[in-house]
Every structure is written in C-alpha cells, then in structure tokens.
Amino acid sequence: MKKLLALLLATAPTLVFAAAAPNLDSAVIANVSIIDGTGAPARKGSVRIADGKILAVGDIVPGNTEIVIDGNGKTLAPGFIDTHSHHDYDIPKSPDMVAVVSQGVTTIIVGQDGSSQSPLRDFFAKLAKSPIAVNLGSYSGHNTLREQGMNAARRPAADEEIARMSQLLEEDMAAGAFGLSTGLQYETGNFSSTAEIVALAKVSARLGGRYISHMRDEESELMSALQETIDIGRESGAPVQVSHLKIGARKLWGSADKVLKLMDDARTSGVDITADIYPYTYWQSTMRVMFPNGIYDDRKGLASKLKESTSPEGLYFSRFQPDPAIVGKSLAQVAKERNAPPVDVYLALMKQAIEYQKAHPEEERVESVIGTSMREDDVAHLMAWEHANICSDGVSIGHPRGHGTFPRVLGHYVREKKVMTLERGVYKMTGLAAKHLGITDRGIIAEGNSADLVLFDPTTVIDRATMQNPTALSAGIEKVWVNGKLVYQDRRTTGVRPGQIVRPPKKAE
C-alpha cells in the first residue's frame with residue numbers, strides 16, 4: 001500500500017493530497033540528510049508535510065496509511081529563494097517555470113533593477129487567479145514609477161513628481177511590495193538625483209519596506225556608487241541590499257577586501273546593508289550600459305568601457321532583433337566580419353537598435369549583451385561575505401545564470417572550490433535570503449513553515465547551462481516541492497502550479 005501511494009505521489013501529484021482516508025493528505029520524506037537552512041550541520045532524519053506545511057522534523061514513524069517518500073540518503077533542504085530574479089518575464093510562456101524549479105528554486109523576488117509589473121495589485125490578482133509553479137514576491141521599481149509619475153523624463157524629478165511617485169509607491173506597498181528597487185545604470189533612473197531616491201526610500205521605510213539597488217556604477221566608480229547606496233540607507237532608514245554585488249573594472253580587480261570593509265563599516269555605524277550575488281564572471285544587460293553618461297553616441301565613453309571593463313573579445317550579443325545573425329558572436333568577431341573598429345561597429349549597432357525599438361514599440365527586449373568583466377577570485381571572496389546571499393538575476397534566455405545559478409554554487413563553489421561548506425551554501429540560498437527579505441515562514445525546515453523543499457544529490461549537483469546552450473538543465477536536482485506539492489522530478493516539471501504570492505510581514509503599528 002505504501003509503495004503504491006508513493007508511486008501515486010511521483011506520477012500523479014495532483015492526486016496526492018486528496019482527502020480520501022485518514023492521513024492520506026500527509027506524507028513523510030524519509031531517509032534524508034536534512035540541511036535545515038540555518039547553517040547548522042546536516043543531520044539524518046525525516047520530514048512530515050501536509051496541507052502545504054511542515055508538520056514535523058526528525059525521527060518520524062510514518063502512520064499505516066501515510067505516504068512515504070524514500071530520499072535514498074540524499075540531501076533535503078528548504079526550497080531556494082532567489083532574491084533577485086527577472087523570471088516573471090517567463091510566466092506567459094512557461095508558467096511551470098522550468099528554468100526556476102530545475103534549480104531547486106521555489107520562491108522568486110522580481111521587480112528588480114528599477115522595473116516592476118504595474119500596478120502590482122493587478123499583477124498579483126492575475127497570479128492569484130492563474131497561479132504559477134513557484135512563489136513570487138516583488139519590489140516596486142523606481143524606473144517604472146518614473147514612467148508613470150513623470151513620463152520617464154531624462155532629468156531629476158521635481159518635488160511634485162516625487163509626490164506622485166510616492167503615492168504610486170504607497171499603492172504598490174499596500175499591495176504587498178517588499179520595498180523600492182532602483183536601476184541607476186538604466187533609463188531613466190540614471191538621471192535621478194540622490195535626494196529623489198532618498199525621498200522614495202523614506203516612503204518604503206515608513207511602510208516597513210526595504211531598498212534594493214542596481215547601483216549607478218559597478219565598474220570604475222564602484223566605490224562612490226556603493227557609498228551613495230550606503231548614504232541612501234542611512235538617510236532613509238531603510239534596510240539596503242546591493243544587487244548582484246560585483247567588481248567589474250580591471251583596475252579594481254583584487255579589491256574585494258576594500259569593498260567589504262566599506263560595507264562592514266557601514267553596518268557598524270548602523271546601516272543595515274546586505275548584498276546578493278550570482279556565481280559568474282560575466283553579466284547580461286542592455287547594450288546601453290556601455291555608455292556611462294546615457295549618451296548613446298558617446299564614442300569616448302564607449303571606448304573607455306571597452307578598455308577598462310569588457311573587451312570586444314569578451315562582449316557577446318545575446319539578443320539583437322534588428323539582425324539576429326550576430327547573436328552568439330562577440331563584438332570582436334562582428335568587427336572583424338565588417339572590417340571596422342569595434343567602437344564604430346558598436347555605435348552603429350546601438351543606433352540600429354534604437355531605431356528598431358522606435359519602429360517596434362511593442363517589443364520590450366530588442367537587444368542585450370553579455371560582458372565578461374569580473375575575476376573569479378573576487379566573485380568567491382564577495383560570495384563568502386557573511387551578509388551576501390545568492391541570487392540569479394536571471395531570465396530563461398541569454399545568460400546561463402537563468403538556468404544554472406543555484407546548482408553552480410553548490411557544485412562549483414561549494415564542492416569543487418570549497419569556498420564554503422555545503423551547509424553554509426544552502427544557508428545563503430535559504431535562511432539568509434529569507435532573513436534579508438523579512439520572510440519568516442519560508443527558508444528554514446521547521447515545524448509550521450511552508451513546505452517548500454528541494455531534494456538534491458550533493459555529490460553530483462552542478463549547472464549545465466553554458467553560453468552556447470544557456471537553457472540546459474542542471475544535474476543533481478531530484479525533486480522540488482512548493483507548498484507541499486511536487487512540481488519537479490525526473491528532470492521535468494509535473495504541471496502542478498501551487499505558487500503563492502509572498503508578501504513581507506506587515507509593519508507593527
């Protein structure tokens with residue numbers, strides 16, 4: 001009987017929790033090594049789940065009619081929480097969220113880099129009506145607020161415009177936003193003043209929210225951009241998270257200690273600053289980030305970027321709708337094919353992309369590039385910082401981080417490079433991520449918490465996504481449960497969509 005019920009759980013997850021007889025709506029995941037998400041050492045045991053919750057953890061004797069799932073000695077951890085994701089763009093085509101669940105991720109936090117679905121109230125209502133496979137929470141995006149509050153003007157906001165944006169932010173916060181996100185390298189946030197951001201961050205802080213930022217510069221002016229982020233946290237009183245912390249300029253490579261000292265000193269002085277980080281030495285973004293002043297025919301600025309940050313050999317086109325033939329090629333390759341200097345080629349392509357966007361305003365993503373600009377020892381050093389959690393910054397197309405981030409940390413940085421212990425790596429994906437968001441019922445395997453769980457093999461887990469094949473599924477992720485429902489096994493999704501909207505706890509009055 002137990003074997004039959006276990007088989008039903010694996011092959012027909014929509015039937016598992018049907019109330020047919022006593023205890024048929026509960027299951028015991030047995031014979032596992034539990035890493036609970038607190039950083040504590042792994043321990044042998046079992047976990048009982050029912051009605052979307054964890055009922056018990058430890059030495060559990062299954063009931064006669066209770067479903068038993070044999071973990072075969074593998075590791076059971078809390079479902080991973082991606083604190084910086086763009087996978088909401090995948091929802092229309094892939095509500096099963098294969099790019100996410102195949103990594104063991106059960107919760108994504110979107111609305112990042114200053115861009116969010118708007119209004120959040122309507123977005124959340126749609127998800128409540130048509131759930132996806134994973135849980136989802138969101139920030140309210142500064143650039144989105146600028147679009148609505150000041151018609152995306154390329155200048156600092158006036159007082160009355162800040163007032164309008166503040167009202168819009170309050171509405172998103174009431175809907176359940178985690179706070180304010182900025183993308184200060186992107187339009188039109190790159191034209192904003194620090195005072196404008198402080199004013200909005202104060203609104204977030206007053207309502208119990210946070211401030212998360214893609215800073216103005218992650219390359220040559222990294223330290224001044226980081227100081228601005230700290231100052232915003234200090235003046236607004238909001239907890240601050242640095243998005244995808246990196247050192248993206250060659251002249252600053254090896255300065256991770258200096259970066260972390262500035263953040264540690266800020267924490268000592270009372271600023272609650274943290275960071276998230278992804279495990280790659282290359283980023284993905286719009287072609288526009290290669291122009292530091294937001295002037296897209298700035299030859300001098302572009303030449304400086306190609307010299308100090310990302311070389312023509314390390315800059316790849318991951319999307320280019322005007323001419324898809326260049327996708328997958330480096331700027332150096334395209335320049336060689338066209339027998340022209342890389343700067344000239346890039347300027348021409350940027351102009352072509354802008355004109356294409358004007359002619360096709362319905363297309364949101366006309367172009368993107370992937371740039372190699374970090375050094376692995378810096379990535380490892382920053383990742384090991386006690387206040388850094390893991391994120392993907394991912395979407396399902398282009399950069400392999402969209403499919404591979406979390407298994408890459410566990411396989412490459414934990415098992416192979418031994419940057420941290422397995423328990424510490426899991427903690428950075430679960431308990432620490434939840435702490436940074438203020439989430440109290442996910443991220444830790446504990447009685448009463450939501451049953452978001454991942455079963456994986458620590459000896460084989462690894463990413464398979466590459467620049468050449470960015471959608472390849474990772475190895476070693478065996479089963480994934482979201483709110484007690486099995487959503488992934490045998491390297492495929494189950495079709496079940498039990499995801500919920502995740503909101504921060506309400507601020508105590």
Side-chain angles (χ1 to χ4, degrees), residues 1-81 101 104-107 131 133-135 422-423 426-427 429-431 433-434 439-458 477-490 494 496-500 502:
M1 180 65 175
K2 289 183 181 180
K3 290 183 178 179
L4 175 60
L5 291 173
L7 179 62
L8 286 174
L9 183 69
T11 59
T14 56
L15 303 178
V16 168
F17 295 94
N23 295 326
L24 280 183
D25 60 346
S26 68
V28 174
I29 306 172
N31 185 24
V32 291
S33 174
I34 300 170
I35 297 182
D36 65 8
T38 66
R43 65 188 191 274
K44 300 295 183 182
S46 303
V47 174
R48 173 177 283 126
I49 60 176
D51 298 323
K53 299 291 184 181
I54 297 170
L55 296 190
V57 183
D59 296 326
I60 298 171
V61 178
N64 290 332
T65 59
E66 197 164 29
I67 297 167
V68 178
I69 304 158
D70 187 352
N72 295 309
K74 303 298 194 310
T75 294
L76 187 71
F80 305 144
I81 299 172
V101 297
V105 172
T106 56
T107 298
V134 297
N135 307 307
L422 180 60
E423 290 87 349
V426 168
Y427 169 65
M429 301 174 177
T430 57
I439 297 173
T440 58
D441 62 343
R442 303 179 194 272
I444 295 176
I445 296 179
E447 183 177 335
N449 278 0
S450 296
D452 295 344
L453 301 164
V454 54
L455 183 71
F456 69 92
D457 186 340
I477 302 295
E478 309 242 337
K479 297 180 189 293
V480 180
W481 294 264
V482 175
N483 297 308
K485 302 288 188 179
L486 190 67
V487 298
Y488 182 82
Q489 69 169 355
D490 298 330
T494 65
V496 180
R497 300 170 187 171
Q500 299 175 357
V502 177

Side-chain donor-acceptor pair present, Asp36, Thr38, cut-off under 3.5 Å: yes

Straight-line distance of Asn449 CG to Asp441 CG, nearest 0.5 Å: 6.0 Å

Residues which pass ring pair (Phe, Tyr, Trp, His ring centres under 6.0 Å) with Tyr488, listed by chain and number, not counting sequence neighbours: none

Ala42 backbone acceptor or donor facing Ser33 side chain under 3.5 Å: no

side-chain contact (heavy atoms from CB on, under 4.5 Å) evaluation trace for Asn135 with Val482: CA-CA 8 Å; Asn135 307 307; Val482 175; 3.8 Å; yes

Candidates Val68, Ile67, Ile69 - the one meeting side chain to side chain contact (heavy atoms under 4.5 Å, CB included) with Pro62: Val68

Spacing of Ile439 atom CD1 and Ile81 atom CD1 [to the nearest 0.5 Å]: 5.0 Å

Interatomic spacing from CH2 in Trp481 to CG in Leu76 - rounded to 0.5 Å: 6.0 Å

Interatomic spacing from CD1 in Ile445 to CZ in Arg43 - rounded to 0.5 Å: 8.0 Å

Main-chain N/O of Gly52 paired with Asn483 side-chain donor or acceptor, under 3.5 Å: no

Step-by-step side-chain contact (heavy atoms from CB on, under 4.5 Å) determination, Val134 to Val487: CA-CA 8 Å; Val134 297; Val487 298; 5.7 Å; no

For the student: nearest non-hydrogen atoms of Gly104 and Ile477, plus distance: N-CG2, 4.0 Å

